[in-house]
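Before any comments, here is the structure.
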Amino acid sequence: MNDLQPIVDAAQAAFAQAATPADLENAKALFLGKSGRMTELMKGMAALSVDEKKTRGAAINLAKQAIEAALTGARQGLADAELAAQLQAEALDVTLPGRQRGQGGLHPVSLAQERIEAIFGSMGFDVAQGPEIEADWFNFTALNTPEDHPARSMHDTFYVEGGSESGGGASGTAPNLLRTHTSPMQIRYAVQHVKKHRAAAGDSGEGLFSGAMPEIRVIAPGRTYRVDSDATHSPMFHQVEGLWVGENISFKDLKSVYLNFITTFFETDELQLRFRPSYFPFTEPSAEIDIMFESGPLKGRWLEVSGSGQVHPQVIRNMGLDPERYIGFAFGSGIDRLAMLRYGVNDLRLFFDGDIRFLSQFQ
Ligand code: DAH
């Protein structure tokens, strides 16, 4: 009899050790299977007498029952453990904060651009968009910057394979490029404007137009590109072009328009504007526009915000207009720079890193 207890102990130990249902079934086979130890014991009874069979059989049955009970217990244990693991894995913590989709909002540069459009809109300026892949003609030549002009060296950019859209006179062989400024929109917009109004006036469309037409008053905001990269320059940046052409538009109009714009943009009258003589091929005379705040964190420093000037007679001609009759001013301002000044951002690259922690501060 006491030869049975070690077998029961061994079975209990084996079942307890089984980590998976498969392990447990293997262990079961060792004891209760067809050639398991208990089955072998039963077979061994054949040689016993009838009396011996009774006592031995009862003892073996008891041991078998103990082993089966251990097996049932082990199965239950494994099932319980599996359930517990599953519950743990699928645990739902109802006290966690809910997951929300972010609200989203406009980029600070877009906010600045919207502001600029609204302010110039209130002064009667149209808003125009133009292509970022631009023909050499519009970007340079029509702006009085022919191929060998030294001013081109300040506009190193990215050239695009493929033919050129020749804009009106220039050779069609120069490659297209990523526009280096929004100034080509001066030509594109003015040419359309002139075409429309000289047709309406019954003009033949030949030569320069010297008839009457409504003034050209437009801003053209958008992306521009140059090979340039540091804390205040990015290979992609934003400009807004301004153009006002009429019969009697002078520098004093540029000053009043720009002063109105800049004081509205920064929501303060406590700033000064100055025109600093400069050079651009497409304006004559040309000036940089600097501003100086009289209060606030930027107080007392002249800050350059724009190029500007009176539109060069050759550019007026390239618009299809007679410079004897038409005159105007133009400016080109950096939108990113205006946004940096308005929001107190000191590194331009922050605008283009896409870091939500930075961007969400403008919502
Ligand atoms: N296009 C010039 C630049 O990117 C800026 C500029 C200067 C624009 C004078 C103008 C202007 O319209 O009149 O450097």
Side-chain angles (χ1 to χ4, degrees), residues 113 116 120 125-128 130-132 134-146 149-158 177-191 193 216-228 232-246 249-255 257-258 261-262 273-291 303-319 321 323 326-338 348:
Q113 182 174 323
I116 292 166
F120 280 103
F125 281 75
D126 193 9
V127 178
E132 290 167 32
E134 186 55 282
D136 187 275
W137 165 256
F138 289 110
N139 197 80
F140 290 125
T141 311
L143 291 167
N144 206 26
T145 317
H149 198 288
R152 284 199 178 205
S153 61
M154 283 161 66
H155 289 235
D156 191 10
T157 184
F158 306 89
L177 47 88
L178 297 190
R179 66 179 180 186
T180 59
H181 50 179
T182 44
S183 302
M185 276 308 288
Q186 290 187 30
I187 307 291
R188 282 185 177 275
Y189 186 89
V191 164
H193 181 95
I216 295 169
R217 211 184 298 174
V218 65
I219 60 163
R223 280 185 281 269
T224 47
Y225 302 84
R226 285 186 209 177
V227 182
D228 223 347
T232 54
H233 296 90
S234 143
M236 188 284 298
F237 57 107
H238 299 81
Q239 282 191 340
V240 57
E241 196 73 12
L243 177 69
W244 188 341
V245 172
I249 305 300
S250 73
F251 237 90
K252 80 172 187 323
D253 301 301
L254 169 59
K255 179 161 187 182
V257 163
Y258 210 87
F261 159 64
I262 210 78
L273 196 73
R274 87 175 171 194
F275 288 87
R276 183 160 41 84
S278 184
Y279 173 79
F280 299 100
F282 35 92
T283 44
E284 179 59 38
S286 305
E288 303 282 357
I289 304 177
D290 300 336
I291 59 170
L303 308 160
E304 186 182 311
V305 290
S306 190
S308 70
Q310 185 173 298
V311 182
H312 193 286
Q314 185 53 44
V315 174
I316 294 284
R317 274 186 213 103
N318 291 337
M319 292 171 176
L321 290 171
Y326 288 101
I327 185 168
F329 68 75
F331 62 84
S333 311
I335 299 179
D336 314 299
R337 176 126 178 90
L338 290 170
L348 174 66

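Counting starts at 1 for both ligands and their atoms, following the listed order. Residue indices begin at 1 and follow the sequence shown. FYI, side chains are in, hydrogens and waters are out, and symmetry mates aren't considered; it's all heavy atoms of this structure.
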Using a plain distance cutoff, I'd like to know if [X] has any nitrogen or oxygen under 3.5 Å from a nitrogen or oxygen of ligand 1.
X: Ser183; value: yes
X: Phe331; value: yes
X: Gly242; value: no
X: Arg226; value: yes

Note: Arg337-Glu304 ion pair, threshold 4.0 Å (strictly below) = no
As an exercise, identify every atom of ligand 1 less than 4.0 angstrom from a heavy atom of [X].
X: Gly309; result: 13 (O)
X: Thr283; result: 13 (O)
X: Gln239; result: 3 (C), 4 (O)

Among all protein heavy atoms, pick out the one at the shortest distance from atom 12 (O) of ligand 1; state its residue, atom name and that distance to 0.1 Å.
-> Glu241 OE2, 2.6 Å
Any idea which protein heavy atom is nearest atom 11 (C) of ligand 1, and the distance to it?
-> Phe282 CE1, 3.5 Å
Under 30°, 30 to 60°, or over 60°: which ring-plane class applies to Phe251 and Phe275, parallel, tilted or perpendicular?
-> perpendicular
Measure the acute angle between the ring planes of Phe329 and Phe331, then classify it against the limits of 30° and 60° as parallel, tilted or perpendicular.
-> parallel
Would you give the length of the straight line joining atom OG of Ser333 to atom CZ of Phe261, rounded to the nearest 0.5 angstrom?
-> 6.0 Å
So, do Phe280 and His181 have ring centers that fall under 6.0 Å from each other?
-> no
For Gln186, is the nearest heavy atom under 4.0 Å from an atom of ligand 1?
-> yes
Within 45° of the six-membered ring axis of Phe138 and under 6.0 Å from that ring's centre, is NZ or CZ of Arg188 located there?
-> yes
Out of Gly332, Ser278, Ser308, who gets a non-hydrogen atom closest to atom 9 (C) of ligand 1?
-> Ser308
Shortest non-hydrogen separation from Ile187 to Met319 and the atoms involved | CD1-CG, 4.2 Å
Neighbour count above 12 (heavy atom, 6.0 Å) for Arg223 CZ | no
